[in-house]
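Atoms within each ligand, like the ligands themselves, are counted from 1 in listed order.
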Amino acid sequence: MKIAVYSAQPYDRRFLDEARLQHGADAVEAAYFSDPLTLDTVPLAQGCAAVCVFVNDQLDAAVLQALYALGVRAVLLRCAGFNNVDLQAGQRLGLFMARVPAYAPEAVAEHALALAMTLNRHTHRAYARVREGNFALDGLLGMTLHGKTVGIVGAGQIGTAAARIFKGLGCTVLVSDPAPSPQLDGLATRVGLDELLAASDIVSLHCPLMEATRHMINAASLARMKPGAMLLNTSRGALIDTAAVIEALKSRQLGALAIDVYEQEASLFFHDHSSDIIADDVFQRLMTFPNVLVTGHQGFFTIEAMREIAAVTFANLACHMHGTPCANLLPVSS
Ligand code: NAI
């Protein structure tokens with residue numbers, strides 16, 4: 001069996017090839033393409049029975065239909081989020097669609113902490129200053145996190161790991177989640193979103209992107225936040241209305257922003273654009289704020305998580321090939 005791996009970077013190839021050999025999947029041949037999956041790149045999957053995709057690949061009805069027409073019968077997501085998949089279309093076509101529901105949730109939670117720590121103590125600016133021989137402290141003032149209140153929106157696997165970390169720092173942790181993880185017991189206090197926004201010095205988003213959560217951080221919710229609070233988003237870009245966030249930064253209602261994800265990230269992230277003219281004015285406006293930190297969707301990017309993603313992807317494929325039950329199927333849409 002041959003699989004087409006889209007949006008493949010050299011590191012994807014390294015870990016997928018390693019897992020392929022470890023899992024004795026010699027019968028599986030992988031064709032790697034750096035291109036993302038779109039309607040235009042569907043033909044690359046010619047002769048493949050499965051495609052392996054990532055967060056910004058396009059899996060709408062037209063793409064799924066075109067893949068099916070080529071003979072593709074399985075879609076293997078090497079990520080947890082599946083907001084880019086038309087579940088109904090996949091179901092209608094009878095495609096096997098599976099994901100990697102958890103790959104070191106701690107990796108993403110630790111990245112959220114790294115973002116908070118960097119923004120709060122301005123280590124990104126201090127690093128550059130010291131290398132220029134500038135040891136002045138002006139502009140580097142932070143706050144002691146011990147005793148502060150951290151609000152976690154979405155207390156699943158990653159949110160719970162984040163709650164554990166911030167609790168360990170001596171913070172009071174609040175969570176807003178319609179169905180929080182039972183592992184959260186004793187770590188945090190469950191409150192409504194409005195109460196969380198009003199009380200938190202740091203708000204960290206860890207819920208999935210769905211219609212109900214799209215732009216959950218908007219002009220109205222930003223106005224409800226504690227003035228000068230910090231906002232972290234390591235979940236999905238569209239949880240945030242970026243234009244509203246820019247206005248809140250300009251008015252200083254929002255004190256600082258760190259994002260690992262961005263609503264229009266598909267045209268930017270995972271590629272080197274250092275010699276290009278970036279046409280996205282919203283993104284470029286964000287880059288002008290000294291209190292904004294952006295990383296390019298690297299929250300998951302640890303050795304452990306990459307190994308887990310590759311191993312689970314091949315385990316999912318084995319279920320498809322052998323017709324055995326798979327615990328990681330995408331949910332059936334209603
Ligand atoms: P999870 O499914 O374990 O937890 C999500 C939680 O959000 C659940 O407890 C759910 O009840 C809650 N939730 C649903 N709707 C909500 C709402 N309206 N308000 C508050 N909470 C709500 O998912 P997990 O593994 O913790 O991942 C969370 C998200 O992190 C993923 O959906 C994905 O978008 C993102 N992610 C980002 C990565 C990165 O590299 N930056 C890597 C992996 C995941």
Side-chain angles (χ1 to χ4, degrees), residues 7 9 11-12 53-57 77-85 87 99-116 151-165 173-185 187-197 200 203-218 221 224 231-240 258-263 265-266 268-270 293-309 312-313 327-331:
S7 299
Q9 299 288 344
Y11 45 81
D12 293 308
V53 295
F54 197 47
V55 290
N56 293 323
D57 288 308
L77 277 77
R78 42 184 205 281
C79 54
F82 49 88
N83 50 283
N84 51 341
V85 183
L87 294 176
R99 64 180 180 134
V100 184
Y103 37 96
E106 291 78 13
V108 183
E110 286 171 14
H111 191 65
L113 174 71
L115 293 175
I152 293 183
V153 182
Q157 300 177 89
I158 297 172
T160 300
R164 208 175 292 123
I165 288 171
V173 183
L174 305 178
V175 301
S176 156
D177 188 322
S181 159
Q183 292 177 349
L184 200 69
D185 287 353
L187 283 177
T189 307
R190 196 173 160 197
V191 295
L193 180 61
D194 285 355
E195 191 181 334
L196 179 148
L197 294 175
S200 300
V203 173
S204 193
L205 306 181
H206 298 289
C207 60
L209 175 62
M210 309 173 290
E211 272 326 296
T213 58
R214 186 175 296 276
H215 287 192
M216 71 188 312
I217 300 297
N218 52 36
S221 46
R224 284 196 282 274
L231 177 63
L232 308 175
N233 187 9
T234 55
S235 192
R236 283 293 181 267
L239 293 179
I240 286 182
I259 54 174
D260 185 48
V261 286
Y262 169 59
E263 188 165 7
E265 70 178 50
L268 291 173
F269 286 11
F270 306 117
L293 181 61
V294 180
T295 52
H297 210 136
Q298 67 175 86
F300 70 98
F301 199 46
T302 65
I303 295 166
E304 293 77 5
M306 291 299 288
R307 286 209 174 115
E308 182 69 12
I309 289 170
V312 174
T313 297
N328 302 325
L329 293 180
L330 297 195

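Not a single heavy atom of Phe301 sits closer than 4.0 Å to an atom of ligand 1. In this structure, Ala212 does not count as a contact residue of ligand 1, since none of its heavy atoms falls inside 4.0 Å of the ligand. Proximity of Pro178 to ligand 1 is established by a heavy-atom distance of less than 4.0 Å. For the ligand labelled ligand 1, residue Ser235 lies inside the 4.0 Å heavy-atom shell.
A ring-ring contact (aromatic ring centres under 6.0 Å, His included) with Phe270 is found for exactly one of Phe301, Tyr11, Phe54, namely Phe54.
In terms of protein heavy atoms, atom 37 (C) of ligand 1 is closest to Thr234 O, 3.1 Å. The single protein non-hydrogen atom nearest to atom 21 (N) of ligand 1 is Gly154 CA, 3.4 Å, given as residue, atom name and distance.
Checked against a 3.5 angstrom limit, the closest N/O atoms of Asp260 and ligand 1 fall inside it. Checking only distances, Ala80 never comes within under 3.5 Å of ligand 1, N or O to N or O. Residue-to-ligand polar distances keep Ser181 apart from ligand 1: every N/O pair is separated by 3.5 Å or more. The distance criterion of under 3.5 Å between nitrogen or oxygen atoms is not met by Cys207 with respect to ligand 1.
In this structure, atom 32 (O) of ligand 1 has a protein heavy-atom contact shorter than 4.0 Å. Less than 4.0 angstrom separates atom 3 (O) of ligand 1 from at least one non-hydrogen atom of the protein.
By the criterion of a heavy-atom distance under 4.0 Å, neither the backbone nor the side chain of Ala102 is placed next to ligand 1.
Within the set Met216, Gln298, Met210, the minimum heavy-atom distance to atom 15 (N) of ligand 1 is found for Met210. Taking all heavy atoms of Val261, Thr213, Leu239 into account, the minimum distance to atom 18 (N) of ligand 1 is reached by Thr213. Considering Leu205, Asp177, Val108, Leu184 only, the shortest heavy-atom separation from atom 12 (C) of ligand 1 involves Asp177. Between the choices Gln157, His297, His111, His206, the shortest heavy-atom distance to atom 25 (O) of ligand 1 belongs to Gln157.
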Kindly list each side-chain donor-acceptor pair under 3.5 angstrom involving residues 207-216, sequence neighbours excluded, with atom names and distances?
residue : atom : partner : partner atom : Å
Glu211  : OE2  : Arg214  : NE           : 3.3
Thr213  : OG1  : Pro208  : O            : 2.8
Thr213  : OG1  : Met210  : N            : 2.8
Thr213  : OG1  : Met210  : O            : 3.2
His215  : NE2  : Glu263  : OE1          : 2.9
His215  : NE2  : Glu263  : OE2          : 3.3

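Using a 4.5 Å heavy-atom cutoff, the side chains of Phe82 and Leu77 are in contact. Side-chain contact between His111 and Asp260 is present, with heavy atoms from C-beta onward closer than 4.5 Å.
Looking at residues two or more places apart in sequence or on another chain, you find no side-chain hydrogen bond (donor to acceptor under 3.5 Å, both in side chains) involving Thr302.
Counting non-hydrogen atoms of other residues, nucleotides and ligands closer than 6.0 Å to CD of Gln9 gives a total above 12.
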